[in-house]
Amino acid sequence: VTVRRATEERLHQREAELNQAMRLAAAGEMAQAIAHELNQPLSAVANYARASRSMLADPERHGALLADTLEKIAREPNRAGQVMRRLREFFRGGGLRCETFALPALIDESLSYVRRRAERQNIVFKLELAEALPKVHADRVQMGTVLHNLLANAIEAMHNGREDQREIEISAHTQANDMVQVCVSDNGAGVSDEMEGRLFESFATSKAEGMGLGLAISRTLVQAHGGELWLANARPAQFCFTLPIAGAKHD
Ligand code: ADP
């Protein structure tokens, strides 16, 4: 009995240590994310301030530009504030503001944000939306973030591919279990073996400028709705996620 109790105690101790380690890791991740996100507005402020100082040497000539640059300095902290709010919402889990809406409208809206970038790279979009697609019940802003992350990844994935084969397909159809499934596929090189096992981990990225948070955040957001987000095919890449149909039993 004593031996068993000692073993159990060691296990508890080990579990407590692990919990503590996980909390520290999460705190470390959060700190890193905040540092990364704040760096941009802070260095913008520093650059504008330096530019303003040199414009002050000849205020007659640069007066208008100086006023404009000072205005930008005043605006940057707002951007930093928004970043902080977004991160706080994410790490706290936020709280969903669910509404009933039609997916095609949200897909259109998400496409409008990336259309110019896609056109510059000769990427064409193909939509395969099931007829009479039922409305979904979800946080529209968060689902816009998810779609945007998947579209941005698909666009970036085709950067090096052949120009005449750059296509992104977005499909949506109803599943048997009161969920709608949305898939985004591209025909870039696909997900590498090295990335495949850790795609959804925070800070897992293969991009020089990547943050590696897009998929981790997107999956968390979808799961908070009772849905799932997964890699359906690695090469070429296809990501799918599910959302509850409005009026179905999950509401
Ligand atoms: P980031 O885009 O900042 O790297 P993500 O979490 O969105 O962060 O993506 C993580 C990684 O998953 C990417 O760096 C890339 O290696 C891989 N990935 C995501 N989408 C695709 C895609 N459509 N094709 C190929 N690789 C992808």
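Source: prediction; values computed, not measured. Start at 1 and go down the list; that is how both ligands and their atoms are numbered. The first residue of the sequence shown is numbered 1, and numbering continues consecutively from there.
For Ala237, every heavy-atom contact with ligand 1 shorter than 4.0 Å involves the side chain, none the backbone. Residue-level proximity to ligand 1 for Asp186 is carried by the side chain, the only part with a heavy atom below 4.0 angstrom.
Atom 25 (C) of ligand 1 has as its closest protein heavy atom Gly190 O, 3.3 Å. In this structure, the protein non-hydrogen atom closest to atom 24 (N) of ligand 1 is Ala157 CB, 3.4 Å. Of the protein's non-hydrogen atoms, the one nearest atom 17 (C) of ligand 1 is Leu199 CD2, 3.6 Å. Of all protein heavy atoms, the one closest to atom 6 (O) of ligand 1 is Leu215 N, 2.9 Å. The shortest contact between atom 2 (O) of ligand 1 and any protein heavy atom is with Lys207 NZ, 2.7 Å. The protein heavy-atom contact nearest to atom 1 (P) of ligand 1 is Gly212 N, 3.6 Å.
Val222 and Glu228 get closest at one heavy-atom pair: CG1-N, 3.3 Å.
Each of Ile217 and Val141 belongs to its own hydrophobic cluster when Ile, Leu, Val, Met, Phe, Trp and Tyr are linked at side-chain heavy-atom distances under 4.5 angstrom. Following chains of ILVMFWY side-chain contacts shorter than 4.5 Å, one can reach Leu129 starting from Leu243, so the two form part of one hydrophobic cluster.
The residue from Val191, Leu213, Asn153 that puts a heavy atom closest to atom 19 (C) of ligand 1 is Asn153. The option with the heavy atom closest to atom 4 (O) of ligand 1, from among Thr205, Asn149, Leu150, is Thr205. For atom 16 (O) of ligand 1, the choice among Ser206, Ala234, Pro236 with the nearest heavy atom turns out to be Ser206.
Remark: ligand 1 atoms within the under-4.0 Å shell around heavy atoms of Ala204 are 10 (C), 11 (C). Listed by number with element, the atoms of ligand 1 under 4.0 Å from a non-hydrogen atom of Met195 are 11 (C), 16 (O).
In this structure, Phe239 counts as a contact residue of ligand 1, since one of its heavy atoms falls inside 4.0 Å of the ligand.
Ion pair Lys135/Glu99 not flagged as a salt bridge, since none of the NZ, NE, NH1 or NH2 atoms sits closer than 4.0 Å to an Asp/Glu carboxylate oxygen. Electrostatic pairing of Arg235 and Asp193 counts as a salt bridge here, judged by a charged N lying under 4.0 Å from a carboxylate O.
Checked by atom type and distance alone, the side chain of His137 never pairs as donor or acceptor with a backbone atom of Pro244 at under 3.5 Å. Looking at Arg166, its side chain does come within 3.5 Å of a backbone N or O of Gln121 through a donor-acceptor pair.
Under the 4.5 Å side-chain criterion, counting only non-hydrogen atoms from C-beta, Leu66 is in contact with Leu56.
In this model, a donor atom of one side chain and an acceptor atom of the other lie less than 3.5 Å apart for Asn153 and Lys207.
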